[in-house]
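Beneath this line is the structure, given in structure tokens, with notes to follow.
Quick note on labels: first sequence line is chain A, next is B, and so on, each numbered from 1.
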Amino acid sequence: MNTATSYDKQIIENDDPMENPDFKTVGTTTVSDPAMTCRGVNVFYADKQAIFDVSIDVGKNEVLSMIGPSGCGKSTLLRCLNRMNDTIDICKVEGEIKLEGENIYEQNLDVVLLRARVGMVFQKPNPFPKSVYDNVAYGVNLHGLATDKAHLDELVEKSLTNAGLWNEVKDRLHQPGTGLSGGQQQRLCIARAIAISPEIILMDEPCSALDPIATAKIEELIDELSKQYSICIVTHSMQQAARVSQRTAYFHLGKLIEVGPTDDIFTNPVHKLTEGYITGRFG
Amino acid sequence: MNTLETINAGIEKRYKREKRFRLYGQISIATGILFLFFLLGTTVLNGISAFQQTYIALEIVLDTDQFDTDEDGDIRPESLATANYNGIIRESLKARFPDVKKRKDKKALYSILSSGAVYDFRDTVVKNPQMIGTTQTIWLLADDEVDMYVKGKISADIPEKNRRIKDNTIAWVEQLRADKDVEKRFNSIFFSAGDSREPEQSGIRGAIMGSFYTIVVAMLLSFPIGVAAAIYLEEFAPRNRLTGLIEVNINNLAAVPSIIFGLLGLAIFINYFGLPRSIPLVGGMVLALMTLPTIIISSRAALAAVPPSIREAALGVGASQIQTVLHHTMPLALPGMLTGTIIGLARALGETAPLLVIGMVAFIVDIPGSPLEPSTALPVQVYLWADSPERAFVERTSAAIMVLLMFLVAINGLIVILRNKLERRW
């Protein structure tokens, strides 16, 4: 990776976001063609605030990566985007998160529908203890997307093909998905997510439990998928963020410090904290 | 002293302590096994003889005179059931022992057969009317005292006044024995009859059916209610003070003595709702109440043990909360739920106290045909027989315990099979 040392921008030195209540995110948080927009999002776990006033857009057909040290709130924000935080009783979300101009925290919004539009891939591969076929078919059947058995077969095959798994599993579609290798399981989970044709795919450290070869396959896949889907990925690997994403957002202790095109963030970070993190000084 | 020396100094002590601990464990296991063998051993030794029953062969002359005949000399069918079978048997006994003359002795002689033998004899004749007019050797059920003597449970060496079977009876039995007219046969009555005042005519069929209906009612009520409660508490209920209070109370209920549940059932089901006493329906409802906390607690534990990643996966593809539970969490938790249920029901099967309170301790001869007919249950039958003075009930008590234990072993075997069958890995 190219970690350039000559910056053409001045590093912001003395703006500690923890000290400054009026801290503003560095860089451009908006995009011209957003799939999802967050404005002034605050998240609380009981009394503890986990995310402070974050505004950011997820562009269409773009891969946005969220990086930052552990506990910085990047996973929390990601899970707000399809309301997975609803399952946590003490979690409270303030602010506005819009999907195609519609606030997803609206009272009468159907969470089931939202999650069909915003799919998710988790840190640990979590296929259902069912057959490979049933894993992919589950979401399709749930939403009644297949007209008949032939259509269902077709959708399953298409999803598995798009997830780059078809050739490896076509002979054992009816064996348990949990019997696949870790990397295959994760791609199965991606196939399961794309089988219901979401608009956005959220990925929460999808490669952290995988070996480098499986990781490389997933990264290729993300690249391929971004042609069709908007992808938001949380990762601990800066190389991964640099490889797969077009935009990168850096979080620190619940605040969004800096957002920008991935190349800029990694070559010309503006904020001192961003620079410190990507050069490996902390985090 | 350097580190290595310090470690070395203590290492022998550590090994010794480890050895001692292992020894303690082995001693406790050995003690447990010893007691188990003692319990099972005495039960089996006491009870095994109850699976056999003494029968006495009698040569019986079935004279046509004994039955009503019509004009053609044919026997009227209705007279088959009403003939004086008692008299016929007595005549045969007198013919077998012609020396017995005194009235008192004759009475003693008649009583070497069970009072039920005459009915068995009658049924045989009604079924085979062609026997009439011939002489038949018929095996008849012996009295319980004779049975005990034949099985060697009563010794002739005991002074006569200390035993219920008298010297003359013993002499007759010995005489019959010498002629090979006494035989121990498989005790089918024990498995086909209900309770009786006469040990030789008593069986556990009524108690088994009573227990069966009780457990079925308990299971039908407690499993769905318990599982539904567990699913709601674990998956849906908000964590607040109220649910905390409910949780504490469920845990407390699991520890409430079972007789309290019996009293509750008596007060509510019988006194308030006016359901009849002694019926398996009420027994089942009471045992369901008693089992519910166990089922709820184990079902919640089983649900909590399902990895959250499975729930997230289901919610992530857009399953609603109830779909997540029904499609994924519950099937995965089912083995644990079933294990808890069966453990609870096995405990309910052996439960006596609450059944005593709701009247399932009554002396009931008829075998119940539905959960609405009065009956007892297996453990209550054990209690009833253990309380009876007749010597022959001692072995029946142990035999009933063996049957009860066999059911419990079968149920526990079922748990293992179910668990292995349903268990899935993730």
I'd like to know whether CD1 of Ile11(B) has more than 12 heavy-atom contacts from other residues, nucleotides or ligands below 6.0 angstrom. yes
Within a 6.0 Å radius of atom CG on Asp47(A), are there more than 12 heavy atoms belonging to other residues, nucleotides or ligands? no
For a quick test of reading the model, state the closest non-hydrogen atom pair linking Lys124(A) to Ser309(B) and the distance between them. NZ-OG, 4.4 Å
Test item: Pro129(A) and Ile310(B) side chains (from C-beta on) under 4.5 Å apart, heavy atoms: yes
Distance check, rounded to the nearest 0.5 Å: His328(B) atom NE2 versus Tyr138(A) atom OH? 3.0 Å
Look at Gly316(B), Ala319(B), Ala313(B), Ala314(B) and state which one has the largest set of heavy-atom pairs under 4.5 Å with chain A. Ala313(B)
In Å, rounded to the nearest 0.5 Å, how long is the span from CG of Asp110(A) to OG of Ser320(B)? 9.0 Å
State whether the side chain of Asp89(A) and the backbone N or O of Pro238(B) hold a donor-acceptor pair below 3.5 Å, judged by distance alone. no
Given the options Arg192(A), Gln123(A), Met120(A), which has more heavy-atom pairs under 4.5 Å with chain B than any of the others? Arg192(A)
Determine whether Arg115(A) and Val317(B) make a side-chain contact, defined as any pair of heavy atoms from C-beta on separated by less than 4.5 Å. no
Heavy-atom count check: over 12 atoms from other residues, nucleotides or ligands less than 6.0 Å from Lys149(A) NZ? yes
Side-chain touch Thr87(A)/Arg311(B), heavy atoms, less than 4.5 angstrom: no
Strictly below 4.0 Å, N to O, side chains only: are Glu312(B) and Arg79(A) in salt-bridge contact? yes
Non-hydrogen side-chain atoms of Phe128(A) and His327(B) separated by less than 4.5 Å: no
Answer yes or no: does atom OH of Tyr105(A) have more than 12 heavy-atom neighbours from other residues, nucleotides or ligands under 6.0 Å? yes
